[in-house]
Amino acid sequence: MIKKIQSGIKHRKARVFLAFLLFSITAWFITRLSETYSHTVDFALNYTHKPEGMLMVDTPPGDLGVRIRAIGFQLLRYQLSPKKIAIDLREVRQGNKGFFISPQTYRNQIEQQLSQGITLLQVPSDTIFLNFQKMKSKTVPVRVPEGPDFAQNYMLEGGLILEPEQVHLLGPPSEIDSIDVVFTEPLSISGIKEDFKQELLIDSRYRRPNTEFSQDRIQVSGRVFRFSEAVIEVPVEVINLPDSLVVQTFPNMVGVLCKGRIEGLKSLDSNDFRLVADYDAPSSETGRLMLNLAIKPEGVHETQLLETSVEYITKRE
């Protein structure tokens with residue numbers, strides 16, 4: 001029993017000693033943190049008020065080591081969580097080497113943002129250089145890289161409808177000067193038999209690190225119809241022929257394959273077309289006259305010449 005009492009007394013003394021020791025250390029620590037010290041701390045820099053229409057190309061320094069005088073508590077807080085300092089770019093200057101902020105300028109800005117009781121003693125003597133590039137705007141057309149894949153005997157009425165048909169770019173000239181057109185991703189539908197509508201992204205290859213697009217999604221749609229075919233025999237007309245010559249082409253009639261709605265094809269005849277061969281521009285390889293369909297009726301959606309050139313002979317009148 002006596003041994004148990006003696007053991008309990010020893011444990012209580014140990015706990016009292018530990019408590020006293022902890023109190024002493026805490027009191028010493030608080031006392032030390034309440035004193036004033038000079039120390040170098042890192043401030044995180046946040047650049048604000050970027051000049052309008054300008055792009056900061058290279059990343060400027062993200063932190064800055066400065067020497068300050070403050071009580072220990074404040075120094076400890078800055079060590080645990082670096083203070084963020086706003087660098088106002090409205091005070092940027094331009095010199096022979098470009099844009100810059102002088103040490104005195106950012107020293108003044110830092111001093112204005114320090115808490116009460118903190119004294120700024122020293123900042124680096126290095127000038128902060130900034131690489132600004134003037135932004136440029138540009139409007140370019142949008143294209144779909146491949147045509148729709150239609151089911152047999154179906155085709156597009158008119159062209160693809162793109163909304164919007166153009167996009168506006170805003171970026172540095174080095175990034176956008178080479179872009180004259182942008183393409184979407186390919187259409188993902190096939191075997192089309194009816195009107196369609198699909199939203200497509202601008203192809204990622206046109207993306208640039210510092211360029212903004214007014215639109216990154218394009219709505220593509222089209223009207224689809226079932227077509228029929230008809231072949232119309234059209235006479236060949238030779239143009240630019242000297243008055244002193246008469247020409248005979250072989251053949252003198254060429255078939256034109258027409259695709260369109262059946263009701264429109266029924267009323268077609270050769271007078272709806274004009275098929276010409278230019279006497280002044282024979283083929284350099286064959287000497288034949290190349291054919292060109294100069295006029296076709298509006299109701300025909302697609303035409304194809306069954307002969308692309310003709311032989312000919314001439315004689316004087």
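Note that this is a predicted model, so its numbers are computed, not measured. Reckoned from all heavy atoms, side chains included, excluding hydrogens, waters and symmetry mates.
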**Prompt:** Quick check: does any side chain N or O of Glu237 sit under 3.5 Å from a backbone N or O of Arg274, one acting as donor and the other as acceptor?
**Reply:**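 A pair under 3.5 Å: no.
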**Partner residues of Arg226 under the salt bridge (charged side-chain N to carboxylate O under 4.0 Å, His left out) criterion, sequence neighbours left out** =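 Here no residue qualifies.
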**Prompt:** When hydrophobic residues are tied together by side-chain contacts of less than 4.5 Å, even through go-betweens, does Val276 share a cluster with Leu305?
**Reply:**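 As far as the 4.5 Å side-chain criterion goes, Leu305 and Val276 are not connected within one cluster.
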**Request:** In sequence, state the C-alpha distance, the side-chain angles, and the governing distance for Tyr106 and Val66, and then conclude on side chain to side chain contact (heavy atoms under 4.5 Å, CB included).
**Result:** CA-CA 11 Å; Tyr106 64 74; Val66 301; over 6 Å; no
**Prompt:** Can you find a pair of side-chain heavy atoms, one from Leu268 and one from Pro297, that are under 4.5 Å apart?
**Reply:**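 Side-chain contact under 4.5 Å: yes.
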**Asked** How would you list, by chain and number, every residue that makes a salt bridge (charged side-chain N to carboxylate O under 4.0 Å, His left out) with Asp269, sequence neighbours excluded?
**Response**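 Applying salt bridge (charged side-chain N to carboxylate O under 4.0 Å, His left out) to Asp269 gives none.
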**Qualifying residue, where the test is salt bridge (charged side-chain N to carboxylate O under 4.0 Å, His left out) with Arg217 and the options are Glu199, Glu163, Glu185** =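 By the salt bridge (charged side-chain N to carboxylate O under 4.0 Å, His left out) criterion, Arg217 pairs with just one of Glu199, Glu163, Glu185: Glu199.
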**Request:** Could you go through the side chain to side chain contact (heavy atoms under 4.5 Å, CB included) check for Leu64 and Ile85 one step at a time?
**Result:** CA-CA 9 Å; Leu64 191 70; Ile85 295 292; over 6 Å; no
**Prompt:** Side-chain contact, heavy-atom cut-off 4.5 Å: Asn252 with Val310?
**Reply:**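 Answer no - side chains too far apart.
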**Prompt:** Mind checking whether Leu275 and Pro235 have side chains closer than 4.5 Å, heavy atoms only?
**Reply:**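 No, every pair of side-chain atoms sits at 4.5 Å or beyond.
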**Request:** Provide the closest heavy-atom pair for Gly65 versus Asp42 in the form atom of the first, atom of the second, distance.
**Result:**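 Result for this residue pair: CA-OD1, 3.4 Å.
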**Asked** Of all residues at least two apart in sequence or in a different chain, which pass the side-chain contact (heavy atoms from CB on, under 4.5 Å) check with Leu160?
**Response**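 Per chain and number, Leu160 pairs via side-chain contact (heavy atoms from CB on, under 4.5 Å) with Val144, Pro148, Leu156, Leu162, Phe196, Val220.
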**Request:** Apply side chain to side chain contact (heavy atoms under 4.5 Å, CB included) to the pair Thr105 and Ile87, showing each step before the final yes or no.
**Result:** CA-CA 9 Å; Thr105 297; Ile87 300 298; over 6 Å; no
**Request:** Kindly indicate whether the side chain of Leu114, heavy atoms from C-beta on, has any atom under 4.5 Å from the side chain of Phe43.
**Result:**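 Yes, close enough: below the 4.5 Å cut-off.
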**Asked** Got more than 12 heavy atoms from elsewhere within 6.0 Å of CD, Glu212?
**Response**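 No.
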**Message:** Can you tell me how far apart CG (Leu241) and CG (Asp278) are? Round to the nearest 0.5 Å.
**Reply:**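 If we round to the nearest 0.5 Å, Leu241:CG and Asp278:CG are 10.5 Å apart.
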**Request:** Say whether Ile161 and Leu187 are linked into one hydrophobic cluster, either directly or through other cluster members, by side-chain heavy-atom distances under 4.5 angstrom.
**Result:**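 Different clusters.
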**Asked** How would you list all residue pairs meeting side-chain hydrogen bond (donor to acceptor under 3.5 Å, both in side chains) that involve residues 291-300, not counting sequence neighbours?
**Response**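 The answer is none; no pair qualifies.
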**Prompt:** Which atoms form the tightest heavy-atom contact between Pro60 and Tyr47, and what is the distance?
**Reply:**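 Residues Pro60 and Tyr47, closest heavy atoms: CG-CE1, 3.4 Å.
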**Asked** With side chains defined as the heavy atoms from C-beta onward, is the minimum distance between Arg261 and Glu157 less than 4.5 Å?
**Response**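 Of all side-chain heavy-atom pairs linking Glu157 with Arg261, at least one is under 4.5 Å.
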**Message:** Just checking Arg67: does its CZ atom have more than 12 heavy atoms from other residues, nucleotides or ligands closer to it than 6.0 angstrom?
**Reply:**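 More than 12 within 6.0 Å, yes.
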**Asked** How close do Ser125 and Pro103 get, heavy atom to heavy atom, and via which atoms?
**Response**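 Shortest heavy-atom contact: O-CG, 3.4 Å.
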**Asked** So, Asn108 and Gln112: side-chain donor and acceptor under 3.5 Å apart, yes or no?
**Response**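 Judged by distance alone, the side chains do not pair up.
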**Message:** Other residues, nucleotides and ligands only: do more than 12 of their heavy atoms fall within 6.0 Å of CG on Leu121?
**Reply:**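 Correct, the count exceeds 12.
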**Request:** Start with the C-alpha distance between Lys138 and Asp180, add both sets of side-chain angles, then the distance that settles salt bridge (Lys or Arg N to Asp or Glu O under 4.0 Å), and finish with yes or no.
**Result:** CA-CA 9 Å; Lys138 187 177 186 180; Asp180 295 317; 3.3 Å; yes
**Prompt:** Looking at residues at least two apart in the chain, or sitting in another chain, which of them share a side-chain contact (heavy atoms from CB on, under 4.5 Å) with Ala44?
**Reply:**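 Here the qualifying residues are Lys84.
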**Message:** Nearest 0.5 angstrom please: Thr184 OG1 to Leu201 CG, how far?
**Reply:**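 The CG atom of Leu201 is 9.0 Å from OG1 of Thr184, to the nearest 0.5 Å.
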May I have the list of side-chain donor-acceptor pairs in residues 165-176 shorter than 3.5 Å, sequence neighbours left out?
residue, atom, partner, partner atom, Å
His168, ND1, Thr139, OG1, 2.7
Ser174, OG, Gln133, OE1, 3.3
Glu175, OE1, Asn210, N, 3.2
Glu175, OE1, Thr211, N, 3.3
Glu175, OE1, Thr211, OG1, 2.6
Glu175, OE2, Asn210, N, 3.4
Glu175, OE2, Asn210, ND2, 3.1

**Request:** Run through the side-chain heavy atoms of Ile, Leu, Val, Met, Phe, Trp and Tyr, join any pair under 4.5 Å, and report what else lands in Met253's cluster.
**Result:**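 Result for Met253 is none, singleton.
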**Request:** Please name all residues satisfying salt bridge (charged side-chain N to carboxylate O under 4.0 Å, His left out) with Asp88, sequence neighbours left out, ordered by chain then number.
**Result:**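 In terms of salt bridge (charged side-chain N to carboxylate O under 4.0 Å, His left out), with neighbours along the sequence ignored, Asp88 is linked to Arg90.
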**Message:** By the ring pair (Phe, Tyr, Trp, His ring centres under 6.0 Å) test, which pairs, at least two apart or in different chains, include something from residues 130-153?
**Reply:**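 Pairs touching residues 130-153 that pass the test: Phe99-Phe132.
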**Request:** Identify whether Leu291 and Leu257 are in the same connected component of the hydrophobic contact network (ILVMFWY, side-chain heavy atoms under 4.5 Å).
**Result:**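 No, no single cluster joins them.
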**Prompt:** Is the Tyr279 ring parallel, tilted or perpendicular to the Tyr312 ring (thresholds 30°, 60°)?
**Reply:**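 The arrangement is perpendicular - the two ring planes meet at more than 60°.
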**Message:** Does Arg93 form a side chain to side chain contact (heavy atoms under 4.5 Å, CB included) with Ser102? I'd like the steps, not just the answer.
**Reply:** CA-CA 8 Å; Arg93 305 280 181 174; Ser102 68; over 6 Å; no
**Rounded distance [0.5 Å steps], CD1 in Ile118 versus CD1 in Ile110** =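 Here the interatomic distance stands at 12.0 Å.
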**Prompt:** What pair of heavy atoms forms the shortest contact from Phe213 to Tyr206, and how long is it?
**Reply:**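 It is CZ-O, 3.4 Å.
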**Asked** Other hydrophobic cluster members with Phe225, side-chain heavy atoms of Ile/Leu/Val/Met/Phe/Trp/Tyr under 4.5 Å, chained?
**Response**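 Direct or chained contacts put Phe225 with Met155, Phe227.
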**Prompt:** If you count the non-hydrogen atoms of other residues, nucleotides and ligands that lie under 6.0 Å from CD in Gln94, is the total more than 12?
**Reply:**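 Check passes, neighbour count above 12.
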**Prompt:** In the hydrophobic clustering (ILVMFWY, side-chain contacts below 4.5 Å, transitive), which residues join Ile313, or is it alone?
**Reply:**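 Members besides Ile313, by chain and number: Phe250.
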**Prompt:** Between Lys83 (side chain) and Ser115 (backbone), is there a donor-acceptor pair under 3.5 Å?
**Reply:**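 It does not hold such a pair.
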**Asked** Can you name the residues that form a salt bridge (charged side-chain N to carboxylate O under 4.0 Å, His left out) with Arg143, not counting sequence neighbours?
**Response**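 Applying salt bridge (charged side-chain N to carboxylate O under 4.0 Å, His left out) to Arg143 gives none.
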**Prompt:** Could you state the interatomic distance from CE (Met290) to CD (Glu307), rounded to the nearest 0.5 Å?
**Reply:**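 Answer rounded to 0.5 Å: 11.0 Å.
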**Message:** Do Leu245 and Val236 land in one hydrophobic cluster if side-chain heavy atoms of ILVMFWY residues count as linked below 4.5 Å?
**Reply:**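 Yes; Val236 is reachable from Leu245 via cluster members.
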**Asked** Side chains of Arg107 and Leu120: closer than 4.5 Å at any heavy-atom pair?
**Response**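 Side chain of Arg107 against side chain of Leu120, heavy atoms only: contact under 4.5 Å found.
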**Asked** Which heavy atom in Gly95 sits nearest to a heavy atom in Phe100, and how many Å separate them?
**Response**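 Answer, listing the atom of Gly95 first, then Phe100: N-CE2, 3.8 Å.
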**Prompt:** Does the side chain of Pro164 reach to within under 4.5 Å of the side chain of Ile218, using non-hydrogen atoms?
**Reply:**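 Yes, at least one pair of side-chain atoms sits under 4.5 Å.
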**Message:** To the closest 0.5 Å, what do you measure between CD (Gln304) and CG (Leu293)?
**Reply:**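 Answer for the CD-CG pair, Gln304 versus Leu293, is 11.5 Å.
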**Message:** Test of understanding: clusters of I, L, V, M, F, W, Y form through side-chain heavy atoms closer than 4.5 Å, transitively. Do Val300 and Tyr154 belong to the same one?
**Reply:**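 In one cluster: no.
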**Message:** For Glu233, is the CD atom crowded, meaning more than 12 foreign heavy atoms sit under 6.0 Å from it?
**Reply:**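 Yes, CD of Glu233 has more than 12 neighbouring heavy atoms, counting only those of other groups under 6.0 Å.
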**Minimal non-hydrogen separation, Ala86 against Thr48, with atom names** =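 Of all heavy-atom pairs spanning Ala86 and Thr48, the closest is CB-CG2, 4.1 Å.
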